[in-house]
Amino acid sequence: MKKFLPIIIIVSCIALCCSSFFLYVNGLKNPSTQELSQEEARSFQQVKDSLYPQSIVGSLPYPVTPAEFSVHSGSAILIDAATGSILYEKNADAIIPPASMTKLVVMYVVFQEIATGRISLDDIVPLPPESWAVNAPPQSSLMFLAEGQTVTLRELLLGLAVASGNDAAVAVAHYVSGSVDKFIERMNREMELLGLEKTRFVEPSGYSELNLTTPREFAAFARTYLSRYPESLEAFHSQASISYPQEHNFAEWHKGKEQPIFQRNTNKLLDSLPGCDGLKTGFIYESGYNLSLTAQRGETRFISVTMMGPGTGSVEGNRYRVADGTALMEWAFSCFATHYKSEIKPLAIPVLGGSKNSVTVAPLHTKPLTVPALLKDESPAAAANSITAQINIPSYIQAPLRAGDVVGKITYSLGDIVLEEVPLLAVTSIEQGNIFKQLVDKLAVDFL
């Protein structure tokens with residue numbers, strides 16, 4: 001027995017090594033998946049933002065048949081609010097004064113300030129002489145601010161959104177930044193932060209033809225504004241009218257001497273387009289009749305921007321503006337729908353030759369899909385029920401690996417149409433392992 005003991009020990013060691021090796025291989029083949037911690041998710045987002053910056057608006061990831069209609073406006077664009085996908089465009093990079101659409105940027109800055117806690121909607125706003133209606137340029141749109149009135153920030157925003165009050169824009173600018181000039185600096189800084197290179201302002205009301213933007217850039221801004229402050233639609237942009245000043249706005253010595261001035265929302269599509277709840281009109285002679293428009297039906301929301309609209313006088317200008325907005329939105333809702341994807345949880349892929357045995361991978365983004373109607377009588381929403389998602393990842397990855405490396409993809413398809421391919425990225429970096437680890441993993445390759 002003693003004679004065979006060394007052999008037994010050797011065989012046992014070999015068996016133990018083999019058993020350990022195959023247990024190791026089995027662990028490689030079945031890596032455990034874990035949800036990302038808050039810190040990992042934050043770090044991964046920073047990597048994605050650095051390596052793969054996403055544009056606010058962009059082309060559809062699949063070809064579509066061009067729209068069979070035209071718009072009267074000289075420039076236009078239509079996007080899916082949830083995805084930023086461009087569905088229609090016409091001269092979308094023309095540089096045009098935004099006119100009173102400028103006031104949306106004023107409101108954007110105000111909501112940012114409210115979010116910090118520095119100001120609130122119920123603040124009483126002092127009215128400097130520059131903001132009094134009597135001191136406004138001729139033919140200005142006004143909410144009719146005057147000396148001695150008591151007005152809240154909430155009322156001023158309603159005056160901006162509904163009556164398009166130039167006087168309200170001046171009052172807000174002074175309140176937020178101390179002066180119009182400083183507020184304009186803030187507006188321009190915010191546009192730079194959004195990457196909008198052609199959008200610049202010289203005053204906050206939109207009265208000046210030196211305020212400039214493009215339909216593409218303003219659609220990108222509008223999408224950002226609505227994604228960050230969706231509550232603005234119900235609270236302000238969808239309001240049908242404003243009556244100002246009310247009794248509580250007057251100074252004691254003035255109460256009872258005047259009646260409120262009633263004004264309807266300048267956006268006429270609120271009354272005629274199903275689902276319409278914003279945003280803002282604009283007109284000066286240099287820009288024509290402008291409109292940033294949004295409507296939602298079900299889970300689908302679209303945003304359009306039309307600029308350089310024709311028309312001699314407001315009646316004709318509004319008629320063309322309504323016709324363009326209606327045509328764009330009805331076409332969009334008949335041809336496309338927003339589809340919210342099923343959640344793809346983080347996956348784990350074996351890593352060979354590395355300091356760790358697996359890496360967690362996650363999608364570059366989880367934004368929804370813009371889905372087309374493929375059949376003449378099929379709604380886009382119905383078509384979305386046929387979407388398939390195919391995950392394509394390798395059986396293993398070789399170290400070293402850097403966070404953000406593309407290691408696979410998810411392919412979303414509708415029939416034969418590939419709607420989108422979303423890259424799968426390594427969440428963390430993995431360095432190369434030691435020589436022993438690399439040797440063992442070379443032997444493990446054939447068993448994966």
Side-chain angles (χ1 to χ4, degrees), residues 9-54 61-62 339-369 387-414 416-448:
I9 293 174
I10 293 172
V11 170
S12 298
C13 288
I14 292 173
L16 181 60
C17 288
C18 289
S19 176
S20 298
F21 176 76
F22 283 110
L23 283 173
Y24 173 72
V25 170
N26 188 61
L28 283 177
K29 291 170 67 175
N30 300 283
S32 59
T33 58
Q34 295 181 342
E35 293 291 333
L36 302 183
S37 66
Q38 288 187 348
E39 180 58 36
E40 287 175 327
R42 185 163 47 249
S43 177
F44 182 48
Q45 187 62 51
Q46 291 173 349
V47 169
K48 290 191 294 182
D49 291 343
S50 173
L51 296 178
Y52 309 100
Q54 301 289 295
Y62 54 86
H339 173 69
Y340 290 84
K341 306 168 185 170
S342 299
E343 182 183 4
I344 301 294
K345 294 184 178 181
L347 307 168
I349 301 178
V351 174
L352 299 185
S355 57
K356 295 182 180 179
N357 293 335
S358 66
V359 65
T360 299
V361 299
L364 171 60
H365 64 76
T366 56
K367 69 181 182 181
L369 292 167
I387 293 174
T388 60
Q390 178 67 47
I391 298 176
N392 302 288
I393 54 176
S395 55
Y396 65 88
I397 303 171
Q398 195 72 44
L401 192 65
R402 292 286 168 257
D405 283 354
V406 177
V407 296
K409 63 182 179 181
I410 308 173
T411 302
Y412 294 94
S413 302
L414 181 59
D416 295 330
I417 296 179
V418 174
L419 297 178
E420 189 176 23
E421 291 185 335
V422 180
L424 287 168
L425 311 178
V427 172
T428 56
S429 298
I430 297 181
E431 302 299 333
Q432 204 165 42
N434 58 40
I435 294 176
F436 176 74
K437 179 69 162 56
Q438 293 180 53
L439 177 61
V440 171
D441 284 355
K442 284 182 179 180
L443 295 174
V445 169
D446 294 332
F447 296 93
L448 293 178

Completion exercise
Test side chain to side chain contact (heavy atoms under 4.5 Å, CB included), reference E420, set I410, I387, L369, output is L369
Problem - Residue from K341, Q390, E421, H339 passing side chain to side chain contact (heavy atoms under 4.5 Å, CB included) with Y412 - result: K341
State, to 0.1 Å, how close [X] and [Y] come at their nearest heavy-atom pair, and which atoms those are.
{"X": "S429", "Y": "A403", "value": "OG-N, 2.9 Å"}
{"X": "L424", "Y": "P363", "value": "CD2-N, 3.7 Å"}
{"X": "A399", "Y": "G353", "value": "CB-O, 3.5 Å"}
{"X": "A426", "Y": "F44", "value": "O-CE1, 3.7 Å"}
{"X": "G404", "Y": "V47", "value": "CA-CG1, 3.8 Å"}

Give, for atom [atom1] of [X] and atom [atom2] of [Y], the distance between the pair rounded to the nearest 0.5 Å.
{"X": "L401", "Y": "L352", "atom1": "CG", "atom2": "CG", "value": "11.5 Å"}
{"X": "K409", "Y": "I393", "atom1": "NZ", "atom2": "CD1", "value": "13.0 Å"}
{"X": "E40", "Y": "R42", "atom1": "CD", "atom2": "CZ", "value": "11.0 Å"}

Non-hydrogen side-chain atoms of [X] and [Y] separated by less than 4.5 Å:
{"X": "H365", "Y": "V422", "result": "yes"}
{"X": "I349", "Y": "V407", "result": "yes"}
{"X": "V359", "Y": "T428", "result": "yes"}

Between the main-chain N or O of [Y] and the side-chain N or O of [X], is there a donor-acceptor pair closer than 3.5 Å?
{"X": "Q432", "Y": "P400", "result": "no"}
{"X": "Q54", "Y": "Y52", "result": "yes"}
{"X": "S355", "Y": "I430", "result": "no"}

Handout entry: Evaluation steps, side-chain contact (heavy atoms from CB on, under 4.5 Å), between L364 and V406
Key = CA-CA 9 Å; L364 171 60; V406 177; over 6 Å; no
